[in-house]
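Notes to accompany the following structure.
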There are 2 protein chains.
Amino acid sequence: MSGILQALREQQHHMNPKEQILAQFILEHAHEAVHLSITELAGRSGTSAATVSRFCRSLLFKGYGDFRMKLSAELVQPVPAKPSYQDIVAGNTLHSIAQAIETNHLRSISDTTRQLDLTEVQRAVDALHDARRIDLYGMATSGMVAYDCQQKLVRIGKMAQHWSDSHMQITSATSLGEGDVAFAFSYSGETPETLDALLCAKERGATTISLTKFGANRISQLADIRLYASSLEEGMRRGDMASRIAQLHVVDILFTALLSLHFDDYVPLLEQSFQEVKKYRKEKGR
Amino acid sequence: MSGILQALREQQHHMNPKEQILAQFILEHAHEAVHLSITELAGRSGTSAATVSRFCRSLLFKGYGDFRMKLSAELVQPVPAKPSYQDIVAGNTLHSIAQAIETNHLRSISDTTRQLDLTEVQRAVDALHDARRIDLYGMATSGMVAYDCQQKLVRIGKMAQHWSDSHMQITSATSLGEGDVAFAFSYSGETPETLDALLCAKERGATTISLTKFGANRISQLADIRLYASSLEEGMRRGDMASRIAQLHVVDILFTALLSLHFDDYVPLLEQSFQEVKKYRKEKGR
DNA sequence: ATGAAGAAGAAAATATTTTTCATCATTTTT
DNA sequence: AAAAATGATGAAAAATATTTTCTTCTTCAT
């Protein structure tokens, strides 16, 4: 904490009564204050526009506008790196919520990248490249990651299918075989539906890949190729938010690696699918 | 380079002549520009105050003051360690790919958080809280974000529905009305199917929210509440990877804010849905 | 009690921003 | 090719926002 808010806090007790009230309001609602006009700020803080104006000038700003701009500039300074993940509880300000989530997501991506085993990534890329058919399993939030992965694979001409229905997952897994890939997504690594499907696929001879949180878990134990995404500390509520971002991050790395290693095979397909969507829209008269 | 200046650079060539001149001036003298009043800026750049005002509004700022404040906020950011987003090409090593993707995702999240207008977030949270029914529109990658948002909302007992089928989107939008919310997700902000659905919902009186890349676009123009996620530079391949992460980041902030502001309403429901899924599994014999 | 000094708001003055309106240039239609 | 329509632009008017002035009120020292 530095600059204007710090100055306010320090000088607050040497101010006139109404100015103290105003300073207090600004300290408590800084992020809101910068969006208010001088009249609104006066109203919200129980003072008058004249007082606010004098207040700003006594702090040696050129006027309210100048004060507001400099305060707003101060408020967007990036958060200093916080050592650990932030938990979220009731009654936080919007600003602290946004910061906490940012911290969690940034960390979760950094951690995941740092601990990523590139040898396993390479094996996964090769398996996906060589796969005849690719099945993607995941429930709820992880289902979304699986679906994202499917979208990417389909765009480069892969036969990839995500099933969010647990019966269909098994049905599909049953028809896999040697040369096919089954890719399981699960934050906990214990999701029974996903586990079942992966097991079934493995029994039919498919190559199995897992993307779970770090540490031992039943799904990764089952997999031939094991990828991990960062997990939040145990007991942390809403851990799946950050983990989902981390999982998508891994999917992006996988997909980009696939593209980069087989550029000539895939990039034309990707461009083509992009152009076709555009063309199709034009033809509809847009 | 990101945010406002980036948007100016990208959109400069689609502007009116005087607006191009103005954009050019701002790009060249950004640090000076934020200290000028609208009249001074008009004078220095060879345009008129009216043009500057229109310019700011056409970029979807609330007015010149808003534009100036956000630009000023952008300018005080220290130069990031890694100056720009990394593009991905053929033949990279796995390590450089992972690093590039990490850089892009980290930046994309930081940029998005910094540019987030918390007033708009608050309005969106209120709208979602009060909503009788919530429709979520988005195609392809943005469809996934919409779906993610639906999952979260449903878990706290909201009637939320994502349609990935463009006909069903319209069908559903048709039955919306006053007190309902339509939430459109689109990276480009121009996706016709999403635009149509949002328009239809708006015509029926629903409150409309948009989450698009930064800068003026047709979807956000239509929306009552406008949220933005960071965009990569024009011409960058695979821009949607980072944008999807950024959009999910915004969804997380929205949802957490919703939870935090109405803790007692929602958290019990969330815990309950979590416990019920567990219980249901136990009963199946696991 | 009285006067001086300063705090604070109402209202006036000023400045800034936005909108309206008239003009001019460009494009489209006839 | 002329006429009509559209759109861009700046001047001026209108609307807003900010600052200053002026007056009242309170406090404190005498």
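Every chain is numbered from 1 and lettered A, B, ... according to where its sequence line falls, protein lines coming before strand lines.
- Atom pair B:Y64:OH and C:dT17:C1' shows a separation of 10 Å (rounding to whole Å applied).
- Proximity of a side-chain donor or acceptor of B:Q150 to a complementary backbone N or O of B:H162 within less than 3.5 Å is detected.
- In this view, B:H249 and A:H105 satisfy the ring-ring contact (aromatic ring centres under 6.0 Å, His included) rule, not counting sequence neighbours.
- With a 4.5 Å cut-off on side-chain heavy atoms, B:Y137 and B:L195 do not count as touching.
- For the segment residues 30-42 of chain A, residues with any heavy atom less than 4.0 angstrom from an atom of DNA chain D are, sorted by number, A:S37, A:I38, A:T39.
- Bounding nucleotides for the chain B contact on DNA chain D, 5' to 3', at a heavy-atom distance below 4.0 Å, are D:dA8 to D:dA11.
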Mind listing the side-chain donor-acceptor pairs of residues 51-59 of chain A below 3.5 Å, one per line with the distance, residues two or more places apart or on another chain?
unit_1, atom_1, unit_2, atom_2, d
A:T51, OG1, A:S48, OG, 3.1
A:R57, NH2, A:K62, O, 2.9
A:S58, OG, A:F55, O, 2.9

Between protein and nucleotides 21-27 of chain C, map the contacts as a letter string: B base, S sugar-phosphate only, - none, heavy atoms under 4.0 Å, written 5' to 3'.
-> -------
Distance-only criterion, 3.5 Å: show the donor-acceptor pairs between side-chain atoms of residues 28-35 of chain B and protein atoms not counting sequence neighbours.
unit_1, atom_1, unit_2, atom_2, d
B:E28, OE2, B:Q24, NE2, 2.8
B:H29, ND1, B:F25, O, 3.1
B:E32, OE1, B:R44, NH2, 3.3
B:E32, OE2, B:R44, NE, 3.3
B:E32, OE2, B:R44, NH2, 2.1

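- Between the B:D224 side chain and the B:T208 main chain, a donor and an acceptor come within less than 3.5 Å of each other.
- Listed by chain and number, the residues in a ring-ring contact (aromatic ring centres under 6.0 Å, His included) with B:Y147 amount to none (sequence neighbours excluded).
- Atom CZ of A:F55 is separated from atom P of C:dG9 by 14 Å (rounded to the nearest Å).
- For residues 165-185 of chain B, the salt bridge (Lys or Arg N to Asp or Glu O under 4.0 Å) pairs, not counting sequence neighbours, are B:R132-B:D180.
- As rounded to whole Å, 13 Å separates atom C1' of C:dA7 from atom CD of A:Q20.
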Could you give the side-chain donor-acceptor pairs of residues 168-176 of chain B under 3.5 Å, partners two or more places apart or in another chain?
unit_1, atom_1, unit_2, atom_2, d
B:Q169, NE2, B:W163, O, 2.8
B:T171, OG1, B:H167, O, 2.7
B:S172, OG, B:R133, NH2, 3.0
B:S172, OG, B:D135, OD1, 3.1
B:S172, OG, B:D135, OD2, 2.4
B:S172, OG, B:W163, NE1, 2.9
B:T174, OG1, B:I170, O, 2.7
B:S175, OG, B:R133, NH1, 2.9
B:S175, OG, B:R133, NH2, 3.3
B:S175, OG, B:S172, O, 3.0

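- Listed for the B:Q161 side chain is no donor-acceptor partner under 3.5 Å among the backbone atoms of B:I134.
- Comparing the start and finish of the helix from C:dA1-D:dT30 to C:dT30-D:dA1, five pairs each, the helix axis swings through 10°, to the nearest 10 degrees.
- Taking every side-chain heavy atom of B:A50 into account, C:dT19 is the closest of C:dT19, C:dT18, C:dA7.
- A:Y64 pairs by the ring-ring contact (aromatic ring centres under 6.0 Å, His included) definition with nothing, not counting sequence neighbours.
- Rounded to whole Å, the distance from CZ on A:R68 to P on C:dT17 is 10 Å.
- Evaluation of the ring-ring contact (aromatic ring centres under 6.0 Å, His included) rule for B:F183 yields B:F185 as partners, not counting sequence neighbours.
- Within the 4.5 Å cutoff, no side-chain heavy atoms of B:D148 are placed close to those of B:Q247.
- Look at CD1 on A:I21: it is 8 Å from P on C:dA8, rounded to the nearest Å.
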